[in-house]
Engineer: 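Just passing along the structure, written as structure tokens.
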Amino acid sequence: GAVVSQHPSWVICKSGTSVKIECRSLDFQATTMFWYRQFPKQSLMLMATSNEGSKATYEQGVEKDKFLINHASLTLSTLTVTSAHPEDSSFYICSARDGQGGLSYGYTFGSGTRLTVV
Amino acid sequence: EDKVVQSPLSLVVHEGDTVTLNCSYEVTNFRSLLWYKQEKKAPTFLFMLTSSGIEKKSGRLSSILDKKELFSILNITATQTGDSAVYLCALNAGNNRKLIWGLGTSLAVNP
């Protein structure tokens with residue numbers, strides 16, 4: 001089945017630094033990647049949708065200059081949290097669908113990145 | 001506005017019990033409804049439903065969709081402690097393929 005590899009699994013960084021999270025589709029071409037954030041005991045919150053080769057579409061209330069998304073190839077999308085602050089601490093998850101109209105078993109998720117900003 | 005409502009929000013049962021989780025929705029352009037299980041990490045896919053009345057089954061889990069009444073149920077029979085998780089329902093609607101998520105049902109199965 002389709003696999004999305006997400007790295008790192010967890011990261012602790014100092015306030016003010018930037019953190020890059022990568023998601024790679026291993027056996028399919030991810031034309032669209034969704035980036036989510038999830039706070040404890042809450043549901044997934046969509047942050048942005050990125051399509052390969054074009055600018056990401058951000059959801060209302062998500063700062064595009066703070067959460068930089070790059071989707072330069074069909075197998076790699078990155079989310080960079082710039083100048084991270086403690087309130088950015090959260091669980092970040094990517095999800096991909098392939099370029100063939102969707103996988104028969106839905107959208108594939110990465111394993112998530114737990115970010116802690118101290 | 002498209003939305004997904006799951007009930008109950010949490011549930012505690014004993015091993016061997018059968019549970020039914022509900023997902024109701026409102027949508028202007030339905031494409032599919034998906035069920036996911038989330039333990040400590042990212043959600044794992046369970047089912048994708050597109051047609052009414054066709055049950056999908058995987059082991060002790062099954063799900064069905066009613067597009068007339070706008071809901072889906074997820075059944076788990078003979079529950080085990082390993083079924084303890086948050087079960088998320090998501091709606092695929094619209095042309096941009098983004099998913100609309102419910103808040104989830106937190107299931108705890110006690111031995």
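Labels below follow one simple rule: chain letters A, B, ... track the order of the sequence lines, proteins then strands, and each chain is numbered from 1. Atoms considered below: every heavy atom in the structure, side chains included; atoms not considered: hydrogens, waters and symmetry mates.
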Engineer: Can you name the nearest heavy-atom pair linking B/Gln38 to A/Phe91, along with the distance?
Structural biologist: NE2-CE2, 4.2 Å
Engineer: Can B/Ile64 be reached from B/Leu74 by stepping across I, L, V, M, F, W or Y side chains whose heavy atoms are under 4.5 Å apart?
Structural biologist: no
Engineer: Is B/Val109 linked to B/Val19 within one hydrophobic cluster, defined over Ile, Leu, Val, Met, Phe, Trp and Tyr using a side-chain heavy-atom separation of less than 4.5 Å?
Structural biologist: yes
Engineer: Of all the heavy-atom pairs spanning A/Ile93 and B/Ala42, show the shortest one and how long it is.
Structural biologist: CG2-CB, 3.8 Å
Engineer: Begin with the C-alpha distance, continue with both residues' side-chain angles, and end with the deciding distance and a verdict on side-chain contact (heavy atoms from CB on, under 4.5 Å) for B/Leu99 and A/Phe34.
Structural biologist: CA-CA 9 Å; B/Leu99 297 178; A/Phe34 301 94; over 6 Å; no
Engineer: Let me confirm one number: the CH2-OH distance from B/Trp101 to A/Tyr36, rounded to the nearest 0.5 Å.
Structural biologist: 5.5 Å
Engineer: Count I, L, V, M, F, W, Y as connected when their side-chain heavy atoms are under 4.5 Å apart, and connections chain through other members. Are B/Leu103 and B/Ile100 then in the same cluster?
Structural biologist: no
Engineer: How close do B/Pro43 and A/Leu44 get, heavy atom to heavy atom, and via which atoms?
Structural biologist: CG-CD1, 3.8 Å
Engineer: Within a 6.0 Å radius of atom NZ on A/Lys20, are there more than 12 heavy atoms belonging to other residues, nucleotides or ligands?
Structural biologist: no
Engineer: Taking NZ in B/Lys3 as the centre, count heavy atoms belonging to other residues, nucleotides or ligands within less than 6.0 Å. Is the count above 12?
Structural biologist: no
Engineer: Taking side chain as everything from C-beta outward and backbone as N, CA, C, O, which of these in B/Leu88 sits under 4.5 Å from a heavy atom of chain A? Side chain, backbone, both or neither.
Structural biologist: side chain
Engineer: Please determine, among A/Gln38, A/Gln42, A/Lys41, the option with the most heavy-atom pairs under 4.5 Å with chain B.
Structural biologist: A/Gln38
Engineer: If you draw a 6.0 Å radius around NZ in A/Lys66, do more than 12 non-hydrogen atoms from other residues or ligands fall strictly inside?
Structural biologist: yes
